[in-house]
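Counting convention: from 1, in listed order, for ligands and their atoms alike. All heavy atoms count here, side chains included; hydrogens, waters and symmetry mates do not. Every value quoted in this text rests on a predicted model; they were computed, and no experiment measured them.
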Amino acid sequence: MRTIEWKDGMVVIVDQTKLPNEAVWVKIADYKAMASAIKEMKLRGAPLIGVAAAYGLALTAFHSKAETREELLKELEMSAEVLRKTRPTAVNLFWAIDRVMKTVRETAGTKEALAEAVVAEAQKMADEDVEVNKRMGRFGAELIEDGDVVLTHCNAGSLATVDYGTALGVVRAAIEEGKNVKVIACETRPRLQGAKLTCYELMRDGIPVTLISDTMVGYVMSRGMVDKVVVGADRIVRDAVLNKIGTYNVAVLANEHGIPFYVAAPMSTMDQSRTSGDAVIEERSPNEVTNVRSERIAPEGIKVLNPAFDITPLEYVDAVITEEGILYPEVHLKPKNKQTKRKN
Ligand code: MRU
């Protein structure tokens, strides 16, 4: 089942803030509601927020009361500005908005023709996302062996995309090839995407998964319980991978234990125009750290840091799995000869 769908001039999404306890489908009617849904993380994950932003523009185009092509163009530019300001780190959001706006500029004809082209482009991007993930999965599956235990962080699964997933797409593809693969999911404080979403979708699909808290990564690696790490990415800059906070800890520990560390991401996540020095890391509300659900767990007045993403230098990355093939970064830290032997 897709995480996002266009239905009769509306966009239907599953509200991820309610999972895993309830699967609530929400109808989104305009770009402002789409921008709020992205900000509030009703939908999240780099590829998914890209497609969601494209659909936000499609909603503007579809429902526009503009009388001329120029008026519609202005409305689309205004919607694009609002959508761009929702979340700063995942480059897919900006890539998707730029792609739709390019289509807008290149489409000749009436405002009706323009509106149709915008909706068609958003739909195409949603379909392409699923295709791309399946291609990526097939490439990535080559790196997974029968019997592997794969550790993943956050949620880079079907819920972070239109369907199938990036990091979890690699696991799905390996299983479809007949390999026996198990997953260890880090809970991913503070938003708990691993516990809530990765565990939910893998259990739903019958893929064996074990939940650990983020503090247990060193333990499971040192006990030889992890064969590979596969994570997603929000932006891959020239020298680093930006992904969910905690990814860097996992990469350093994987390096220490000689465990291959792979990143699965579509080409739309690449940003060769930047380096880690000019990466924008989203800082979210302190409440996400001081509270667990509605319960306050830290003293009032405490100073809090809450960066939503961190930066893993490419030296820690063994391979980047894309829909065009597997890329091997030129720089490497580790000789792969010290993997901790499994102790069970
Ligand atoms: O804050 P989120 O939940 O949007 O962060 C998601 C991640 O960090 C994912 O790992 C990344 O977007 C890749 S999803 C295929």
Side-chain angles (χ1 to χ4, degrees), residues 3-4 13-17 19 37-53 86-96 129-130 132-137 140 150-172 183 185-202 214 229-236 240-251 261-271 279-285 288-289 306-312 317 320-323:
T3 310
I4 190 166
I13 62 158
V14 61
D15 180 351
Q16 300 193 24
T17 61
L19 289 172
I38 297 172
K39 258 193 185 156
E40 292 160 19
M41 295 176 69
K42 286 188 175 155
L43 40 73
R44 29 64 55 202
L48 180 58
I49 63 174
V51 171
T86 51
R87 296 193 73 190
T89 303
V91 72
N92 309 59
L93 179 89
F94 306 94
W95 169 85
D129 181 66
V130 185
V132 157
N133 292 337
K134 291 194 169 163
R135 276 211 301 279
M136 199 187 315
V150 172
L151 183 140
T152 193
H153 189 69
C154 193
N155 172 262
S158 56
L159 288 164
T161 60
V162 176
D163 206 352
Y164 206 71
T166 57
L168 297 187
V170 170
V171 170
R172 286 194 169 90
V183 174
C186 299
E187 66 171 345
T188 320
R189 266 283 280 162
R191 293 288 302 211
L192 304 174
Q193 292 94 327
K196 291 180 173 183
L197 307 176
T198 295
C199 293
Y200 169 80
E201 70 167 79
L202 292 181
D214 302 334
V229 174
V230 187
V231 295
D234 286 83
R235 192 185 286 249
I236 300 179
V241 171
L242 278 57
N243 192 47
K244 180 52 53 194
I245 191 77
T247 303
Y248 177 47
N249 307 24
V250 174
F261 181 91
Y262 301 131
V263 174
M267 294 305 286
S268 53
T269 304
M270 303 288 168
D271 178 5
V280 181
I281 300 290
E282 177 182 5
E283 182 74 28
R284 294 188 64 85
S285 162
E288 293 181 352
V289 179
N306 187 16
F309 301 94
D310 63 21
I311 299 169
T312 301
V317 178
V320 178
I321 303 156
T322 77
E323 72 275 26

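- We find that R235 and D271 are joined by a salt bridge, their nearest charged nitrogen and carboxylate oxygen being less than 4.0 Å apart.
- Residue-level proximity to ligand 1 for Q193 is carried by the side chain, the only part with a heavy atom below 4.0 angstrom.
- With a 4.5 Å cut-off on side-chain heavy atoms, L242 and I281 count as touching.
- Residues E187 and R189 are not paired through a salt bridge, judged by the lack of any N-O separation under 4.0 Å between the basic side chain and the carboxylate.
- With a 4.5 Å cut-off on side-chain heavy atoms, T166 and T161 count as touching.
- Taking a cut-off of under 4.0 Å to the non-hydrogen atoms of R87, the atoms of ligand 1 that pass are 1 (O), 2 (P), 4 (O).
- By the 4.5 Å heavy-atom criterion applied to side chains, N249 and D310 are counted as neighbours.
- Side-chain contact between R87 and R284: present, with at least one pair of heavy atoms (C-beta onward) separated by less than 4.5 Å.
- Counting heavy atoms from C-beta on, the side chains of P190 and I245 come closer than 4.5 Å.
- Close approach of ligand 1 to P47 (heavy-atom distance below 4.0 Å) involves ligand atoms 14 (S), 15 (C).
- Inclusion of N243 in the set of residues having an N or O under 3.5 Å from an N or O of ligand 1 is warranted.
- The protein atom (non-hydrogen) at minimum distance from atom 5 (O) of ligand 1 is K244 CE, 3.3 Å.
- Those atoms of ligand 1 that come under 4.0 Å of a heavy atom in A160, given as number and element, are 14 (S), 15 (C).
- The shortest N or O to N or O distance between A46 and ligand 1 is below 3.5 Å.
- Distances between N or O atoms of T166 and those of ligand 1 include no value under 3.5 Å.
- Each of the following atoms of ligand 1 lies closer than 4.0 Å to a heavy atom of D234: 7 (C), 8 (O), 9 (C), 11 (C), 12 (O).
- Within the 4.0 Å heavy-atom shell around ligand 1 one does not find R191.
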**Prompt:** Should N155 and Q16 be marked as a side-chain hydrogen bond (donor to acceptor under 3.5 Å, both in side chains) after you check the CA-CA gap, both sets of side-chain angles, and the distance that decides it?
**Reply:** CA-CA 11 Å; N155 172 262; Q16 300 193 24; over 6 Å; no
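- The shortest side-chain heavy-atom distance between V170 and Y262 does not fall under the 4.5 Å cut-off.
- Ligand 1 lies within reach of A233, whose nearest heavy atom is under 4.0 Å from it.
- Where the criterion is an N or O separation shorter than 3.5 Å, residue side chain and backbone included, T161 fails it with respect to ligand 1.
- Applying the 4.0 Å criterion to heavy atoms of A156 picks out, from ligand 1, the atoms 14 (S), 15 (C).
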